[in-house]
Amino acid sequence: MIFVANVEAVTTTLRASSPSKTKTKTRITDGLRFGRFPITAVQPVIENGRFPAKALPGEDLVVGATVFREGHDQLGVTAVLLDPKGKERQRVRLTPAPGVRGMGTDRYEGVLTPTAPGAWSFVIEAWHDRYGSWHHNAEVKVGAGIDVELMLAEGAALLAGAADDAGRSAADKRTFQTASAALADTAKTVEERLGAGFGTDVAAAVGRFPIRELVTVSEKYPLLVERELAGRGSWYEFFPRSEGAVLDRATGEWTSGTFRTAAKRLDAVAGMGFDVIYLPPIHPIGVQHRKGRNNTLTPGPQDPGSPWAIGAKEGGHDAIHPDLGTFEDFDAFVARAAELGLEVALDLALQAAPDHPWVASNPEWFTTRVDGTIAYAENPPKKYQDIFPLNFDNDPEGLSKEILRIVFLWISHGVKIFRVDNPHTKPVWFWEWLIGKVNKKHPDVVFLAEAFTRPAMMHALGRAGFQQSYTYFTWRNTKAELEEYFTEVSHESPAYFRPNFFVNTPDILTEYLQYGGPAAFRIRAALAATASPLWGVYAGYELYEHVARPGAEEYIDNEKYEYKDRDWDGAAASGHTLAPYITRLNAIRKAHPALGDLQNLTLHHSTDDATIVYSKHKTLPDGSKDTLIIVVNVDPHSARESTVSLDLAALQLDPADTGANGRFWVDDLISGQSWEWGEYNYVRLDAHTEPAHVLSIRRQP
């Protein structure tokens, strides 16, 4: 949409014959959609501003618009960033978009960088570039011997007027005065006079404070800037009942782990550099139709059941499973995590076991079938007889308020992050309402959507307020699949969809991991940790757990249905663990701000169909540059050789960074090796030794 402002007054007040009366005369421009200069296709804008675009503090946000005018005079385009109080915080001159996007399209782009959470906004300004227009015309006409004196005189008048602008610095005023005098000095040659008007000092002064007129301003577009962990961070998932669980081998009986024993595992999680510890549901588990080992319908007396079958005589979503401990124990777990720099994410699974208290107290919150039974959850051919899904159509107000109460309860116990189970099976309006209510009171609370479903629904959940989402990354394994998906999430949907690249979940063990060996685990970790600011792993990944239940894409002896006793210490002692590699990846992420942005990913070319190459670049507030080049062999079974061709413009190299031969140094942050690189580079990556390079360009001071 196009809006008009600051172009000219839209009405003129005229004196009538009687001094006490006035008339308002409407101008012909009133009510028109186009301003003096059309501003269209502004980005990032979601549904004409109905929903705010998402951003993070310090994130480089690509802003663009299509702007044009009649005739041949020059246009200037500016993006202006406004803080939550409406105060201007940044003003950036937009430039023609690069490559195919910019050639002949009138597309302008630039980068804005908000600095703190809050409800920010931005506008696009289009304006007649008086200096640019004069410069272009003078260059052409004087060069052709047309209107030479007239063009020099116009330049002198233009710069003399700019020198009178009270808003300019004294130094810039002197620059304009000197250039204006030289342009008007007929004692000088034409070349000298024109050179003064085209001087680098004049260009610099105009760049700092352009000479503008006929300014057209777009509508103000909303920009929601959320806290760091809303869009940056590394997640680790474990079942607290398994951490510290003890098996009596004589009787075959298990003793469940507790929050107190699980807290002992937090040191190792923090030691690997993770930011979030995510817990599956911690509530009482239903007894009716409880699932046994490997999802069987015949549980034994020792089978603990699926944590997602929530609710029993001990309580529902507002209670803690008695085997795990008390609220006091949970509070101590949250406090210990905080001491280690971890935040606790709690599963918000809006469903109920058949013996959940809601089934008796509020049967209208479920779906009753024609035979009088309550419908259990299904995803044919999968059946979840131990779970009743909720129905939001019978009593939407009562059910919604109950869920809001539960969320506020857990927030009061220190939970600021919720991983939401299957949000796509609930109405989108509900999430817009719930997240809006929660974030109005607690703007730092984050919701992650576990929504492996159709893109339209996943994107709608992002618009509705979910700060981040699970993604299809889990199933994108080939070079072509990854390049297509990386382009989508980094350039097509980042305004409303923040991807969390989980490499595995209790439900998802892909064939790539089942049959790829340890190399597959390293490859997927390297891709996830460097391509997205958000990534996560489920416990056991570092032990290369890879055996699936026959005919299924999930783990055999699945932890969803039983306790898991992992020998962490034995794996570390034998070296059969990916933990050091994960630790290194997370350390690299923390040391390199370029990996904390989503939109700065650039794909590069390689001659091998299994070698993917991409870079991430960020210019920091102090002017320094952080640039990483990631090269990954995605074939876990072999060594691959390739010639890598780099888009040097995307690397933003400075003259000091390159030698006389035009080449530059890169340091591999994984292996510690260094090489001199250029536009074309030979690469060999052996999946069985090291399948990835994470190269940092060595910048010179």
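Atom set for the values below is all heavy atoms of this structure, side chains included, hydrogens, waters and symmetry mates excluded. In this text the structure is predicted, and so the values were computed from the model without any measurement.
- Residue L461 holds its CG atom at 9.0 Å from CZ of F497, rounded to the nearest 0.5 Å.
- Remark: E484 CD is loosely packed, at most 12 non-hydrogen atoms of other residues, nucleotides or ligands lying under 6.0 Å away.
- Counting heavy atoms from C-beta outward, D557 and N294 have side chains that approach closer than 4.5 Å.
- Two residues are said to be in side-chain contact when any heavy atoms from C-beta on lie closer than 4.5 Å; N681 and W675 fail this criterion.
- With values rounded to the nearest 0.5 angstrom, E492 atom CD is found 9.0 Å from H459 atom NE2.
- Using a cutoff of 4.0 Å between basic side-chain nitrogens and carboxylate oxygens, D267 and R336 are scored as salt-bridged.
- With values rounded to the nearest 0.5 angstrom, T113 atom OG1 is found 14.0 Å from R89 atom CZ.
- Under the 4.5 Å side-chain criterion, counting only non-hydrogen atoms from C-beta, V683 is not in contact with D608.
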**OP:** Any chance you could lay out the ring-ring contact (aromatic ring centres under 6.0 Å, His included) test for F473 and Y485, step after step, and finish with the verdict?
**Re:** CA-CA 7 Å; F473 167 77; Y485 198 60; 7.6 Å; no
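- The shortest side-chain heavy-atom distance between N504 and E545 does not fall under the 4.5 Å cut-off.
- For NZ of K416, the number of neighbouring non-hydrogen atoms (other residues, nucleotides, ligands) closer than 6.0 Å is 12 at most.
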**OP:** Could you walk me through whether R524 and N477 pass the side chain to side chain donor-acceptor pair (under 3.5 Å) test, one step at a time?
**Re:** CA-CA 8 Å; R524 298 301 291 175; N477 297 303; 3.2 Å; yes
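- Y581 has its side chain within reach of I670: a pair of non-hydrogen atoms, C-beta onward, lies under 4.5 Å apart.
- Between K264 and E243 no salt bridge is recorded (no basic side-chain N to carboxylate O distance below 4.0 Å).
- For the pair L448 and W235, the minimum side-chain heavy-atom distance is below 4.5 Å.
- Between W410 and F330, a ring centre-to-centre spacing shorter than 6.0 Å is recorded.
- Nearest heavy-atom pair across Q467 and K54 is CA-NZ, 4.3 Å.
- Two residues are said to be in side-chain contact when any heavy atoms from C-beta on lie closer than 4.5 Å; R241 and P307 meet this criterion.
- Few gaps surround OH on Y682; more than 12 heavy atoms of other groups in view lie less than 6.0 Å from it.
- Taking the six-membered ring for Trp and thresholds of 30 and 60 degrees, W475 and F452 have ring planes more than 60 degrees apart, a perpendicular arrangement.
- With F466 as the aromatic partner, R498 does not meet the cation-pi criteria of under 6.0 angstrom to the ring centre and within 45 degrees of the ring axis.
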**OP:** Report the C-alpha separation of E542 and Y236 in whole Å, then their side-chain angles, then the decisive distance to 0.1 Å, and conclude whether the side chain to side chain donor-acceptor pair (under 3.5 Å) test is met.
**Re:** CA-CA 11 Å; E542 63 269 51; Y236 188 91; 2.7 Å; yes
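- The cationic group of R566 does not satisfy the cation-pi geometry with F239, failing either the under 6.0 Å distance to the six-membered ring centre or the 45° limit from the ring axis.
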**OP:** Check the pair R522, E690 against salt bridge (charged side-chain N to carboxylate O under 4.0 Å, His left out), reporting the backbone distance first and the verdict last.
**Re:** CA-CA 8 Å; R522 294 170 75 89; E690 181 48 68; 2.8 Å; yes
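- Judged by a 6.0 Å distance limit and a 45° cone about the ring axis, R265 is not positioned over the six-membered ring of F238.
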**OP:** Begin with the C-alpha distance, continue with both residues' side-chain angles, and end with the deciding distance and a verdict on ring-ring contact (aromatic ring centres under 6.0 Å, His included) for F502 and Y538.
**Re:** CA-CA 8 Å; F502 261 80; Y538 155 55; 9.3 Å; no
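- Taking a cutoff of 4.0 Å between a charged side-chain nitrogen and a carboxylate oxygen, R260 and D329 qualify as a salt bridge.
- The existence of a salt bridge linking R232 and D275 is excluded, since no basic side-chain nitrogen approaches an acidic carboxylate oxygen closer than 4.0 Å.
- We find that D667 and R698 are joined by a salt bridge, their nearest charged nitrogen and carboxylate oxygen being less than 4.0 Å apart.
- Using a 4.0 Å cut-off between charged side-chain N and carboxylate O, D609 and R640 make a salt bridge.
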